[in-house]
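Have a look at the structure below, then the notes.
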Amino acid sequence: MPKQREQKLVERNIPGMMNRGNRFVEVQYAENVGATLKRIASYFIHEKSTVFVMLTIVVFDTLCGVYAPSLQSKAIDIIAGIHAGNLRQTLMLMLLVYLLYSSLQLVQGILSAKLSQRIVKRMREELFGKLVDLPIRYLDTHSHGDVMSRMTNDIENISTTISQSLPSLFSGVLMIIGTVAIMLWYCWQLALLSCATVILTLLATKILSHNVRKFSRKRQMLLGQLNGTVEEIISSYHTVVAYNHQEITTEDFCATSDSLTKAGIRTDIFSGVMGPVMNCIGNIGFVIIAAFGGYFSVHGMISVGVISAFIVYAKQFSRPINEIAQIYGQLQTAIAGAERVFAVLDEDNEEKAGQPLHECETADVTFQNVRFSYDGKNPVIQDFTLRVPAGKTVALVGSTGSGKTTIVNLLMRFYDIDSGMICINDQNIREVSRESLRQDIAIVLQDTVLFSDTVKNNLKYANEAVTETQLQEAVEMSRCSDMIAMLPQGYDTVLTGSGENISQGQRQLLAIARAFVSDPKILILDEATSNVDTRTEKAIQDAMQMVMQNRTSIVIAHRLSTIRDADRIVVMDHGQIVENGNHDALLAQKGKYYELYMTQYAGFAT
């Protein structure tokens, strides 16, 4: 589904709000309800036996609910002497029916819970499987929070709807049909009078829900604003304290909190009134039944037992209507969530087809007239031609936005070029499978990525088949053996929160060691030493010189001291090569590289 279509999932006004955990949530509507429902139904096919058993139980449960009040009516008429019959047998049968009614409801709840979890499990697994196969472009152009919300909130809405709303919807519809039918059979005049309260119910729901919706929307907006304020203050607390903004920040927070309190009070008042109003309307219905039922009974149209049954039926009739009004909002939100999930599932996977990369001890990388743009309109790389000889180190430098990292993305095939060609040993990488290509390339990014696992497993992430000896060698070469030895459990230390329990520099060292473990033919270092101190940087540079031997290396750096010994330095500007050569030659030219170098080391104005 196109992104523009996804953005059409909007919040609309409905005659009711969805109550979720004592807070009313604005209901979302799906754009294509029919197609989404059809697709959701396809998941039920795999559980058709469970669905059949559950629907059968719902039918019998409804029959018991409709039949029980008629037994009560019969028992009362027997006691009053209006009808002949065995009172004990009638009471025992009524007890049995009510017990069966409760038991079937219990079984129905168990089956619906199992059904929802099985369906959601399949949907969740499909979605996660899709996420790991999506192209990089999708995750770069979509909010990560939104993608995570589809995996959590939207899936949870679907689960709740299947386990709670669908059984209630089916049983509610059947209960209304059965109740109305038997009420009409007993006395159609009293049945019509009883149904008159439905108009009052719908009118009250519309009026109250309008106010609930208005103040709930304001409360949700203020709550989001308040949460954002708290998150911002916690994440930037040092800055708040450094500039003595504690009192101003507190005043802003309290002002928002006061507005939130007022909106919350009004929302809770109107939502809290809804229950008593519905009970009041229900009691009006009982008064109507009692008054007109007594009149009809005096004139011999119905018996006293029928009046008693009508009171029970009136309650059974109004309860499903209120439930369906609440379920309606939850169903719409679940359908909208399912549509968002299906939008991700319908995205194209990253293309995996292609030839294997030819086996070779070394890798010669060539860029030929490469042109690329992220949006198809504004070129980021223009007529880029570069050869990185096998076993040599080429450094890419330039101002922010010059296209250095984009070149790496194109080499890794995170994105495919618009025109031109990128070759490894004269083999066009567009013809090579991404999996085969990436097996021979290791990359260390400026933003270090570690996983919540042990240090050893993080190092082996690049090569599961690495031996202990190879692992130790990689650690020694990356100069992080002493650092690992100082950790509480050494290699078995668990990194929490993607490495938050170690310093940024230590994370960078581990990332570099992980790249060494993969033993790549091509090594890419994107600001790999940006988060380590000068002494550690020098040690890593010495180690890199060893690792880069006989390897094709591409280094991206802003700190020019890290690439002085590169075989070739390429200066980029607006996606093009403006200068290239070694360090001394570029300084002698006194061009763009000279300006960058002098800006860093001679105090020129930036």
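Throughout, residue positions are numbered sequentially from 1 according to the sequence presented.
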More than 12 non-hydrogen atoms from neighbouring residues, nucleotides or ligands closer than 6.0 Å to [atom1] on [X], yes or no?
X    : atom1 : result
E359 : CD    : no
D426 : CG    : no
R564 : CZ    : no

What's the separation between atom [atom1] in [X] and atom [atom2] in [Y], rounded to the nearest 0.5 Å?
X    : Y    : atom1 : atom2 : value
I422 : I429 : CD1   : CD1   : 4.0 Å
S116 : E156 : OG    : CD    : 9.0 Å
Y461 : S518 : OH    : OG    : 13.0 Å
N369 : L386 : CG    : CG    : 12.0 Å
L587 : H583 : CG    : NE2   : 4.0 Å
K521 : R551 : NZ    : CZ    : 9.5 Å

So R371 and I381, side-chain contact (heavy atoms from CB on, under 4.5 Å) or not? Walk me through it.
-> CA-CA 5 Å; R371 181 182 175 88; I381 302 297; over 6 Å; no
For the backbone of [Y] and the side chain of [X], can you confirm whether one donor and one acceptor N or O come within less than 3.5 Å of each other?
X    : Y    : result
E595 : K592 : no
N458 : F451 : yes
N425 : T362 : yes
E126 : L345 : no
S436 : V432 : no
D526 : V444 : no
T141 : R137 : yes
S481 : E476 : no

Do [X] and [Y] have side-chain N/O donor and acceptor atoms under 3.5 Å apart?
X    : Y    : result
S433 : Q355 : no
N409 : T406 : no
R568 : N582 : no

For E47, which residues count as a salt bridge (charged side-chain N to carboxylate O under 4.0 Å, His left out) partner, sequence neighbours excluded?
-> R118, R122
Applying salt bridge (charged side-chain N to carboxylate O under 4.0 Å, His left out) to R387 and not counting sequence neighbours gives D364
Quick one: sort the F342 and Y43 rings into parallel, tilted or perpendicular, breaks at 30° and 60°.
-> parallel
Residues in side chain to side chain contact (heavy atoms under 4.5 Å, CB included) contact with Q368, at least two apart in sequence or another chain | T366, M421
Is there side-chain contact between L115 and F44, with at least one heavy-atom pair below 4.5 Å?
-> yes
State, yes or no, whether a side-chain contact exists between S402 and H574 at a heavy-atom distance under 4.5 Å.
-> no
side-chain contact (heavy atoms from CB on, under 4.5 Å) between N580 and I569, worked out | CA-CA 5 Å; N580 72 87; I569 299 173; over 6 Å; no
Mind checking ring-ring contact (aromatic ring centres under 6.0 Å, His included) for Y491 and listing every partner two or more places apart, or none if nothing turns up?
-> none
Return the set of residues passing ring-ring contact (aromatic ring centres under 6.0 Å, His included) with Y374 (not counting sequence neighbours), or none when no residue passes.
-> F372, Y415
So does [X] pair up with [Y], basic N to acidic O under 4.0 Å?
X    : Y    : value
D348 : K130 : no
E435 : K352 : no
K456 : E468 : yes
D154 : R340 : yes

Decide yes or no on side-chain hydrogen bond (donor to acceptor under 3.5 Å, both in side chains) for T454 and N457, but give the supporting numbers first.
-> CA-CA 5 Å; T454 63; N457 287 340; 3.2 Å; yes
Among D519, I522, L357, T552, find the one that has a side chain to side chain contact (heavy atoms under 4.5 Å, CB included) with D440.
-> L357
Start with the C-alpha distance between D416 and R434, add both sets of side-chain angles, then the distance that settles salt bridge (charged side-chain N to carboxylate O under 4.0 Å, His left out), and finish with yes or no.
-> CA-CA 11 Å; D416 282 328; R434 285 177 166 85; 3.0 Å; yes
Dump the intermediate steps for side-chain contact (heavy atoms from CB on, under 4.5 Å) on L495 and D453, then the final yes or no.
-> CA-CA 5 Å; L495 303 180; D453 204 339; over 6 Å; no
V455 and L510: CA distance, side-chain angles, deciding distance, side-chain contact (heavy atoms from CB on, under 4.5 Å) verdict = CA-CA 8 Å; V455 170; L510 290 178; 3.9 Å; yes
Can you tell me which residue pairs pass the salt bridge (charged side-chain N to carboxylate O under 4.0 Å, His left out) test with a partner in residues 396-411, sequence neighbours excluded?
-> none
